[in-house]
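Naming: A, B, ... by sequence-line order, numbering from 1 per chain.
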Amino acid sequence: MISVQGVSHKYMFDEVISDISFDVQKGEVVSLVGPSGCGKTTLLSMCAGILNPSKGKLINGFEKTSMVFQEDRLLPWRKAWQNIALGLKAMGIGQKKQKNIVEKIAKRLRLSTEDLEKYPDALSGGMRQRVAIGRALATKPDLLLLDEPFSALDVGLRRELQDLVMEQISERNLTAIFITHDLLEAVRVSSRILVLKPEPGEIVREIKLNTPFINRHDSFVYEQVGAFLEEPIVREAFRLDQGHYS
Amino acid sequence: MSHVKSILNYIWSGWGAISSLLLLMAFWEFGNSLYGSFILPTPLESFSALWVELENENGWSFVWITTQRAILGFLLSIAIGSTLGVMAGLSMTTARAARPIVTFLLGVPPISWIVLALLWFGMGGMAPVFTVLVTTLPLTFASAVQGTRTLDHRFLDMSKVYKVPLSMKIWDFYLPHILSYLFPAWINALGMAWKITIMAELLASNDGIGAGMALARVNLETATAMGWILATVLLLLAFEYLCLEPLKRHLESWRQENVIMGIK
């Protein structure tokens, strides 16, 4: 499991997150939701080991952590398959075996053999994000970190890739921490939702969802989101009552 | 198949260059009709003067000596400059500290290096090679620093997540990015290398193209001087388009793809 204990973080003098604690157990899909500036990405960067907290402790008990970023972060000078194989190469796996693993993953992600030979610039946004997801899955992680990986995609593509990732998560029995500012997305995919408020980022509400994923139809999702948005604490976190329309 | 096609394409793209060069020759010929052969010999006269020089026992050896000096100075410069530049670029402090020094060195005129080289090494081959090295070094060094400093930190964050080892970080992350900064600097340095070698030879050597030009000046042979200029330019073009440019195309094929497909 991963355990975040009283973590705070400052960039220069600005406190971005303040005294955050939560645990994620094996097999859980936890969503962090909140408006921009609530420190979601900072928190996830800490889980990924990119950033060290200024205060508090973070214990990552998982063996292998992978991350899909908001932008694809593919190396433009490497072909799609080489990008997928990046983590494998870092592990010291030979090229022949890399290719084998990449081929299997590409099939699941519906990437064609021609696509694999292309450079990222020659691929569409959706294809590039598939390659990025492939790169994250190739190393067989047990913890998957997702930082708004679908936010740049259109609605249809977004749903397709969501389903694809969810399929992989349940198939491989992965643990996942998922950042989004979209409550609909969070309700569709998570077993637990943590709502953060901004300036500084703090957890203000924890929501458990026990409904199995196959039963989460659109009407269920809309209903749930509607109910959450009625809660004053959630409204405050998203600053719904301070907008121009209220 | 695609290789053959791209080579043919590359050669075919040379027609445009050839036609504008022929236009230049026409202007040159026109200049000759205005000022006469002593001031501006015709292209044909210049070429035949060069041919006469090459027929001499020293001719080809002069070309070969100059080539060796320019290429040796250039290779030393890109090896030392690029390595030191990457090392300096990896740390913010050294990158900052190097900047004023580079600016200072770029400000020193090549001719004053030749004077120093003459005093230090005397007449002969060392002076041109040294001068090429010191004048092009700031250029290759600065571009390597620049390239290393500008790699997107988001790629480096990503490399941390996947626990990319240092050797792979250099090979897969830094090098391809840095090369796109290095190549223009290398081509620049190569051009400078020829010019500076010849300048140094003219003042500090008894052999090489520069020495040939010094002799032409003494004998007031304008056509021979023009012939040597032609030889230099041809050498420069040959190295740039037969060595560096194909290498660049190969290493930066990921960028070429966009041009071919017309994206961006």
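- For Asp172(B) against Leu75(A), the heavy-atom pair with the smallest separation is O-CD1, 3.6 Å.
- Residue Glu71(A) touches chain B through its side chain alone, counting heavy-atom pairs closer than 4.5 Å.
- Closest approach of Trp77(A) and Phe173(B) over heavy atoms only: CZ2-O, 3.1 Å.
- With Tyr162(B) contributing its side chain and Met67(A) its backbone, the two residues share a donor-acceptor pair below 3.5 Å.
- The distance from the CG atom of Asn83(A) to the CE atom of Met158(B) is 7.0 Å, given to the nearest 0.5 Å.
- Between Met168(B) and Leu86(A) the shortest heavy-atom distance is CE-O, 3.4 Å.
- Heavy-atom neighbours of Tyr241(B) OH from other residues, nucleotides or ligands within 6.0 Å: at or below the threshold of 12.
- Heavy atoms of Leu145(A) lying under 4.5 Å from chain B are absent altogether.
- In this structure, Lys160(B) NZ and Thr65(A) OG1 are separated by 14.5 Å, a value rounded to the nearest 0.5 Å.
- Heavy atoms closer than 4.5 Å to chain B are found in both the backbone and the side chain of Lys89(A).
- Panel note: side chain Arg154(B), backbone Arg73(A); no donor-acceptor pair is recorded below 3.5 Å.
- Interface check for chain B: of the options Pro141(A), Pro76(A), Gly49(A), the most heavy-atom pairs under 4.5 Å are formed by Pro76(A).
- Ranked by heavy-atom pairs under 4.5 Å with chain B, the first of Ser45(A), Gly92(A), Gly87(A), Ser66(A) is Ser66(A).
- With a 6.0 Å radius and a threshold of 12 heavy atoms from other residues, nucleotides or ligands, Arg172(A) has its CZ atom above the threshold.
- Neither the backbone nor the side chain of Leu175(B) comes within contact range of chain A, judged by heavy atoms closer than 4.5 Å.
- The 12-atom threshold is not exceeded at CD of Glu63(A), counting heavy atoms of other residues, nucleotides or ligands nearer than 6.0 Å.
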